[in-house]
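Below is one structure; the comments refer to it alone.
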Amino acid sequence: MWKGGSVIIKNIILVGVGGQGILLAARIVAAAAVRAGFDVTTNEIHGMAQRGGSVTAQIRYGEEVYSPLILEGTADVLGALEAVEALRYASSLRPGALAVVSRQAIIPVTVSSGQAKYPEDIGDRLQVTFQRLKYLDCTGLAEEKFGNGRVANLILLGALSNGLDLPGEAWHGAIGECVKPCFVELNRNAFEYGRTL
Amino acid sequence: MKELLSGNEAIARGAWEAGVKVAAGYPGTPSTEILENLVRFKPDVYCEWAPNEKVALEVAAGAALTGVRTLVTMKHVGLNVAADPLMTLSYIGIVGGMVVVVADDPGMHSSQTEQDTRQYARLAKVPVIEPGRAREAIPFVKHAFEISEKYRCPVILRSTTGVSHSRALAETGPRMVSGAAEFKANPPQFVPIPLWGRKLRVKVEERIAAQAEEAAASPLNRVLQGDGSGTFGIISSGLTALHCRDLFPEADILKLGWSWPFPDALLNTFAAGHRRIAVIEEADPILEEHVKSLGISCDGKNVVPRTGELTPLRLAEVRSKLLGVPFQPPAPPPEDLPGRPPILCAGCPHRGIFYALSRFDVIVTGDIGCYSLGVFPPLSRTDVILCMGGGFSMSQGMVKAGEKRPVVGIVGDSTFFHSGITGLLDIVYNRGNSTLVVVDNRTTAMTGHQDHPGTGMTLMGEPTASASIEKIAAACGMKRIRVVDPYKLDEVMEAFREELAVAEPSLIISRAPCLLKERRPVGAVLKIDTDRCRNCKACLKLGCPAIESAGGEKPSISHQLCAGCGLCGQVCRFGAIGE
């Protein structure tokens, strides 16, 4: 928890690769915090995200929030849809904070063209790096339970919501607000499933 | 009503609420979404994408002279293009309020320079207003229009990436009533021939003095009280001031929302009330140098970085230096993590051009757009990038200097209309010998698919004339013009072989729509037959994100990413790639 003035602020960071649904997840967190009556800021870095780059989104909420950016070492939760990206942003978290990481590996071109290697021992490294880690196969579970890999982000969000203090109805309202009507039920179910993990 | 808005959405909202009638701009990150949001208020507001920023500013100037309120939007480097009309408009002035929104990019997230637009405000002698977040943007835009009309001059509203792309809760309101357009002639005011221009010049200086006085009492400039003893004062502006509020809870922060002309009286009073002053500003030490010129001693760039975005982390380090408190930098990310640089998308039509060029010994002068990604390995086929339109013009200089290798100049379609035409005209007129390429993907892709004069559609959503690149080139006198399908490597290779060999300029138009815009694949998803594959890695030289290979294993094609463009099948010598 980072103290802005004398007010306690909650800091959430979501990371992944362009196209995985990080920005939708960030919008849902922000909308849920607004519904819970907090002042909210968000920041997205996605300059060239559709072209295979890293995507990060930060959400801060509290009584009054000034800066939209999270100081390294103060994030309360980290949600990562890609394992290498979780390692890249590990220093965002305060000691003892919750990290929810999806097992999905997206191989960058730097690896395919032989300039770099994708870490083979990624699972072990995540265990060493994060004190409180939930390492889930969000994409696999989304395909298995809901027949749709795209709701991996909502499963991640459900698991991550356990590290925050927002009420369930705020989350459900936020999903209704941010998702196309025909996908609301699917997304709410995926979110609720994530909460049980 | 309160809404969670991005800075860009709030600027658009503020412009609509202020009664803006005409808005123009050219896309550029991080400014693009302003007009995209403002056009949702049509028909209240007429919005257009101009071919470039200079035209946009001139369009808005014309509208403002009829008495209506106008908005212009661009990124910081766009103001370089629009600087000419801005300088003179500052003299002749406007009638209806005019706000020029310029979005700077500290940290260079998606820009080639980190220039500080506040320097332009001083050069053009126009006020600069700096909101720190969406919540401020709506009232600040309205205030900027009031200042503009009161002093009859354009006003720069400076945003930054952090302001434009962050969201905050903002209070929204109704639209103000605005009057009808009516131009009233006044040649001594609007025609800056030297006789009249000299008089206007004097008035500009008088205006600046009056503005400095008003700024000192403006609600746009306010003190955020700290919880300390009030001995330490920070002078800052924009988003940086908000970061400072979090990081320096003991300090009083003078947050300047109207930062030029400098509010001297306010700066003096604030400094007098604090034992110690620090000026914490992103980019250039503009405020700091002025504060020192007032005889106020302060910390500034002696502890604050001159380059890059001032993030909370960097400000924590500044805090440590200023107050002598310990600073523990976070562990850097492990060095062995594979990087994820932006790359041409799977199925991108530009890939065929850059791959083909990698087979020739040529120099490539590139330009600003998705195709600047052609510089990255394994394509590595761009040698220099200067600015919008420079891809054509620079090639002429290399040829005329006597460079021995052939020179290929590349621009995109939107860039061609922006400022590529004049470079092509120069090459034809001055008997050049460049091979020019327009990578025409039928949209302004890098900034998120905006229309341009070649797409046949306006920002207002109306069908319109579609300018022809080949007819423009022909009208300029270009004799050798050919259109190629970038998904047919043989055709592209042949075009380059022939055009590089001739002793006159030529134009190759690579025409295929941007896949991200089309949202449908080029062809069927391809697979690699592992029995036939000899692991020669020829397909990996395309730099396609759909072709994955980890740890030296035979490559495979991701069925999720593959767009079926077929280039890999064309470069495979063993017939291993097919449906």
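All chains are named by letter (A, B, ...) in the order of the sequence lines, taking the proteins before the strands, and each is independently numbered beginning at 1.
In this structure, the portion of B:Leu4 lying under 4.5 Å from any heavy atom of chain A is its side chain and not its backbone. Neither the backbone nor the side chain of A:Gln58 has a heavy atom closer than 4.5 Å to any heavy atom of chain B. In this structure, the portions of B:Leu313 lying under 4.5 Å from any heavy atom of chain A include both its backbone and its side chain. With a threshold of 4.5 angstrom between heavy atoms, A:Val40 approaches chain B through its backbone and through its side chain. Looking at B:Pro545, both its backbone and its side chain come within 4.5 Å of chain A, counting heavy atoms on both sides. At a 4.5 Å heavy-atom cutoff, the contact between B:Cys544 and chain A is made by backbone atoms alone. Heavy atoms closer than 4.5 Å to chain A are found nowhere in B:Pro332, neither backbone nor side chain. Both the backbone and the side chain of B:Ala550 come within less than 4.5 Å of a heavy atom of chain A.
Of all the listed residues (B:Pro338, B:Ala346, B:Ala168), the one sharing the greatest number of non-hydrogen pairs under 4.5 Å with chain A is B:Pro338. For chain A, the option among B:Gly7, B:Gly339, B:Pro378 with the highest count of heavy-atom pairs below 4.5 Å is B:Gly339. Counting heavy-atom pairs closer than 4.5 Å to chain B, the top residue among A:Val84, A:Val65, A:Ile122, A:Ile70 is A:Val84. Ranked by heavy-atom pairs under 4.5 Å with chain B, the first of A:Pro119, A:Ala116, A:Ser112, A:Gly114 is A:Ser112. In terms of heavy-atom pairs under 4.5 angstrom with chain A, the leader among B:His243, B:Gln328, B:Glu250 is B:His243. Each of B:Arg133, B:Lys2, B:Lys537, B:Gln560 has some count of heavy-atom pairs under 4.5 Å with chain A, and the biggest count is that of B:Arg133. Between chain B and the residues A:Asn43, A:Ile59, A:Val34, the most heavy-atom pairs under 4.5 angstrom are made by A:Asn43.
The pair B:Glu9-B:Arg167 meets the salt-bridge criterion, with a side-chain N (NZ, NE, NH1 or NH2) lying under 4.0 Å from an Asp/Glu carboxylate O. The residues A:Arg88 and A:Glu85 are annotated as salt-bridged, a charged nitrogen and a carboxylate oxygen being separated by less than 4.0 angstrom. B:Arg245 and A:Glu64 are not joined by a salt bridge, as no carboxylate oxygen comes within less than 4.0 angstrom of a charged side-chain nitrogen.
For the residue pair A:Ser161/A:Arg195, the side-chain donor-acceptor check at 3.5 Å is satisfied. Side-chain contact annotation: A:Thr41 with B:Ser166, donor-acceptor N/O pair under 3.5 Å absent. Side chains of A:Glu72 and A:Ser91: a donor-acceptor N/O pair is absent below 3.5 angstrom, by distance only. When only modelled atom types and interatomic distance are considered, B:Lys541 and B:Ser358 share no side-chain donor-acceptor pair under 3.5 Å.
Annotation: side chain of A:Ile12 is in contact with side chain of A:Tyr61 (closest heavy-atom distance under 4.5 Å).
Atom NZ of B:Lys554 has more than 12 neighbouring heavy atoms from other residues, nucleotides or ligands inside a 6.0 Å radius.
Under the 6.0 Å distance and 45° angle rule, B:Arg319 counts as a cation-pi partner of B:Phe248.
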